[in-house]
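One structure is given here, and the rest of the page talks about it.
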Amino acid sequence: MDNQNLMLPFTILLLFIIPCSFSFTPIDNYLLNCGSRSNASLFNRVFIPDSTFLSSSAESTSLLTFQNPPPNSPTLYHTARVFTTTASYRFNMKKTGTHLVRFHFFHFKAQNFDLKSAKFDALVNGVSVLTLSDLQPSNDDVLVKEFILKIESNLLEILFRPIGNSGFGFVNAVEVFTAPSDFVLDYGTRLVGPSGVQEYRNLSSQVLETIRRINVGGLEITPFNDTLWRTWIPDKDFLVFKDAAKVAVSTQTPNYQQGGATPEIAPDNVYMTAQQMNRENSILGSRFNITWNFPVVPGGSVPHLVRLHFCDIVSPTLNLLYFDVYINGYIAYKDLDLSSLTVHTLASPIYLDFVADSDDFGVIQVSVGPSDLSSAMRMNAILNGAEIMKMVNVIDSSIVNRKKKLGVLVRSIVGGIAGLFIVITAFLLAIKCRKKKKKKPKLRTVESSGWTPLRMFGGSSISRMSETGSHGYSGLKIPFADIKSATNNFDRSLIIGSGGFGMVYKGVLKDNVKVAVKRGMPGSRQGLPEFQTEITVLSKIRHRHLVSLVGFCEENSEMILVYEYVEKGPLKRHLYGSAALPPLSWKRRLEICIGAARGLHYLHTGFAQGIIHRDIKSTNILLDEDYVAKVADFGLSRPGPCINETHVSTGVKGSFGYLDPEYYRRQQLTDKSDVYSFGVVLFEVLCGRPAVDPQLTREQVNLAEWALEWLHKGMLDHIVDPHLVGQIKESSLKKFGETAEKCLAEYGVDRPTMGDVLWNLEYALQLQESGQQREPHADSSSNESVNVTTRIVLGSSSSNRRTERDYDNGYSDISSSQVFSQLMTNEGR
């Protein structure tokens, strides 16, 4: 029994357990029963007679009735409107923007017309959408042609034009209705081809014809089960190698999130089924792709919109699924991480838009396969749905261009005259003002630092920044032209990563400074709050162990963040993410942990309120060319509690496997939540494995729980990374394990501060290097000894006391009025 048959009962069950949702109500909604004087119903929608929408030139049209329709055939297809001369339908539109237009054709013979011999074309607002070749009947089925286009006036005209002296046109039904506002976005689309991946803009200006709509891994979905009355067909006939795919089915309703896909983008049933890699097929090996060939219009290269739908219904936890997407053999999205695109929520639907040309044979090929970031045990790739839409060209483009140029010329002349008038007026006023006695200027009230409302998924407007203090934003702005130059116009070969915010490019600024350029892709439906937070947080901090913000750009609706370039990338890749990288020694791992702890300690204590990172994990700890650790990605950061508060009440954010259980239960955030996450990282460093790995046995899936069990048995050395066997001194391992254990205490009050964690990690390193013991730190439970010199610098408030080490090479721009206590050890490192 093949995979499709295995999943048949489950998908049939889905059709019954999922209620039909018709929450979307179009503002414009015209449904015409053409050639009839009565109403007809189809999928609970009422189509009305078309005569009132015909133009005056349609007097010679004919009403055609099917005398012997097939049994149980819809009444809508028993009549047709026949056009023997050019005629049109006209609709008064209530709303401009994206609309769907559908034509229904059923070829039958009646009276003096055989509809199979019709010869005509059709135009929508002057755009040719149908030609003779589009309507050649292949069987007796109903042909539905769907178009998606932007309407910019209050009139929509659909014109039917017969071809030749004996030609005539016909149509059985017409639909015109408003699409959801986010149905086609002008940004976030990727152009895929031989030149790599580039951004494709102004998609909504294109007329799109739907060619294929595929429910990957599922059965056919009828218009009755789709909020926009669409038909989705199964994918099995398009799979190149069926044994490479395995059906996945979920019985849980998709977890729709703001900014992601909606039931109008695709119905629930699309996101509740998928094809995944069939790793049980040993013939294929461990690395292979799932590939689909979708036939489109043959006869040369034609641009198409390829919309792919994803919903992670195969992973038990977040941050486990990494895969690559290919279109026509070209990489379209590398290292796709659905967790980062769905605001850290599992089984949350998203879609990605790509533009690609069909090949000479009229085929669009889509493939998904494992990413280099996937471990051998967790290789997988999925696809839930696919839509292929041909881009329809605009006719008489030369006339349109001439009209546009004429409009530009007229506006330029008018603008020039107005500008000259303004200059003259300003000059006269200036002369007049000079003659007046100058008044003492009024003191201007300075607004607090804040953000003006930002356009969703577009550029921001940072216009109310604080005019006081040492942390201004204007000095961080980088012109878009400089960023384009630094990245060689966003050359694909310079891409060093990607995520929910967008692509990350390696670049070199004019002063030869290497940078990492994170270019926001608005179509990702994520990133605007993180864009703001990163600038707000990173503009205030400077520390050796925190990634520095070089600048940002918000021109041309762009959201771009520019950071210092960190050569060796995420710590995760050096622990278990890539077999090509040399394993880290135990001493180097300790130094990396110490550096990250210093960065976090500064975040927590370097300000009166402190900053809580909220997403500490091995992916967000970067290593420079000397393996110096730098904490990165402050998009989820929050200010800590005020001096008279114990916590910050906020929604839960973070990554699964690293999340503080107390924060998750109570939704009360403190800096001890970062401490818990850091404890998980410590065990990652020691064991060389992910925080969560569902491929392992049940008791090993969660790293923190598994490692603590071995620690409590006194057998922590049994689970260390095999690369470290024989390297770690017993005393160093014991201190390191105790530190991680304290970080993972169930309640935050029982966890150490990051200052305490830092002290203990430095001690673990000292034990590894010399074996010499030192006196315990104030919060340490061990009996070791150390020579300590403590210097307290008193400031304006004892509540602002901070802990730093004189030998820490980090630096900050905290004012001297704040308070520090500095602990120095002669043994040090």
Side-chain angles (χ1 to χ4, degrees), residues 29-91 99-125 127-147 156-177 209-210 222-223 229-231:
N29 191 25
Y30 296 102
L31 308 176
L32 305 188
N33 182 15
C34 300
S36 176
R37 296 185 176 89
S38 60
N39 293 348
S41 180
L42 183 70
F43 298 114
N44 288 341
R45 305 169 75 203
V46 177
F47 289 71
I48 64 175
D50 65 332
S51 57
T52 57
F53 298 92
L54 285 168
S55 64
S56 58
S57 60
E59 297 174 356
S60 59
T61 64
S62 302
L63 280 65
L64 204 61
T65 302
F66 197 179
Q67 299 300 327
N68 298 302
N72 301 320
S73 62
T75 306
L76 186 67
Y77 303 126
H78 294 178
T79 62
R81 173 75 63 176
V82 175
F83 304 91
T84 55
T85 62
T86 299
S88 64
Y89 292 107
R90 291 182 178 176
F91 305 89
H99 285 66
L100 279 83
V101 177
R102 293 192 187 121
F103 302 96
H104 296 246
F105 302 101
F106 183 60
H107 298 84
F108 63 81
K109 185 176 182 180
Q111 300 169 12
N112 297 325
F113 294 96
D114 182 357
L115 299 185
K116 291 184 178 181
S117 62
K119 296 180 180 180
F120 68 99
D121 59 11
L123 298 87
V124 179
N125 279 2
V127 179
S128 178
V129 295
L130 289 174
T131 62
L132 176 63
S133 60
D134 296 324
L135 299 170
Q136 295 301 311
S138 57
N139 49 43
D140 294 330
D141 291 337
V142 173
L143 176 65
V144 179
K145 305 290 286 186
E146 178 187 272
F147 300 90
L156 173 69
E157 182 179 48
I158 298 176
L159 185 142
F160 290 86
R161 186 168 59 188
I163 297 175
N165 296 330
S166 60
F168 66 92
F170 82 99
V171 65
N172 299 85
V174 174
E175 302 177 48
V176 177
F177 61 93
E209 177 188 354
T210 303
T222 66
W229 309 279
R230 297 164 293 193
T231 298

Test ring-ring contact (aromatic ring centres under 6.0 Å, His included) applied to F168 and F113, step by step | CA-CA 9 Å; F168 66 92; F113 294 96; 5.0 Å; yes
For residues T61 and R81, is any side-chain donor paired with an opposing acceptor at under 3.5 Å?
-> yes
Closest contact, heavy atoms only, A80 versus L115 | CB-CD1, 4.2 Å
Mind checking the CG-CZ spacing from L130 to F105? Nearest 0.5 Å is all I need.
-> 5.0 Å
Hey, could you give me the OH/CG distance between Y89 and L159, rounded to the nearest 0.5 Å?
-> 11.5 Å
Nearest 0.5 Å, what's the CD-OG distance between E157 and S88?
-> 4.0 Å
Side chains of F120 and T86: does their closest heavy-atom pair fall under 4.5 Å?
-> no
Donor-acceptor under 3.5 Å (D121 side chain, S128 main chain) | no
Contact check, side chains of V129 and F103, non-hydrogen atoms, under 4.5 Å = yes
Heavy-atom distance under 4.5 Å between the side chains of F53 and I158, does that happen here?
-> no
Option among T75, L32, L42 that satisfies the side-chain contact (heavy atoms from CB on, under 4.5 Å) test with F47 = L42
Listed by chain and number, what are the ring-ring contact (aromatic ring centres under 6.0 Å, His included) partners of Y77, not counting sequence neighbours?
-> H104
For the student: nearest non-hydrogen atoms of G167 and P162, plus distance | O-CB, 3.4 Å
Under the 3.5 angstrom rule, does the side chain of S62 hit a backbone N or O of V82 as a donor-acceptor pair?
-> no
For the residue pair V171 and C34, what are the closest heavy atoms and their distance?
-> O-CB, 3.3 Å
Go through the structure and list residues passing ring-ring contact (aromatic ring centres under 6.0 Å, His included) with F177, not counting sequence neighbours.
-> W229
Can you measure from NE2 (H78) to CG (L76) and round to the nearest 0.5 angstrom?
-> 9.0 Å
Only counting residues at least two apart or in another chain, list the ones meeting salt bridge (charged side-chain N to carboxylate O under 4.0 Å, His left out) with R102.
-> E146, E175
First locate atom CZ of R45, then atom CG of N29, and finally report the distance between them rounded to the nearest 0.5 Å.
-> 6.0 Å
Heavy-atom nearest pair, P49 first then S36, reads CB-O, 3.3 Å
Any donor-acceptor pair under 3.5 Å linking the side chain of T65 with the backbone of Q67?
-> no
Side-chain donor/acceptor of N172 to backbone N/O of F106, under 3.5 Å = yes
Specify the closest pair of heavy atoms between V124 and L156, including all atoms of both residues, with the distance to one decimal.
-> CG1-CD1, 3.5 Å
So how far is it from T79 OG1 to D50 CG, rounded to the nearest 0.5 Å?
-> 8.0 Å
Answer yes or no: is there a side-chain heavy-atom contact under 4.5 Å between E209 and K145?
-> yes
Can you label the angle between the H107 ring and the F170 ring as parallel, tilted or perpendicular, going by 30° and 60°?
-> perpendicular
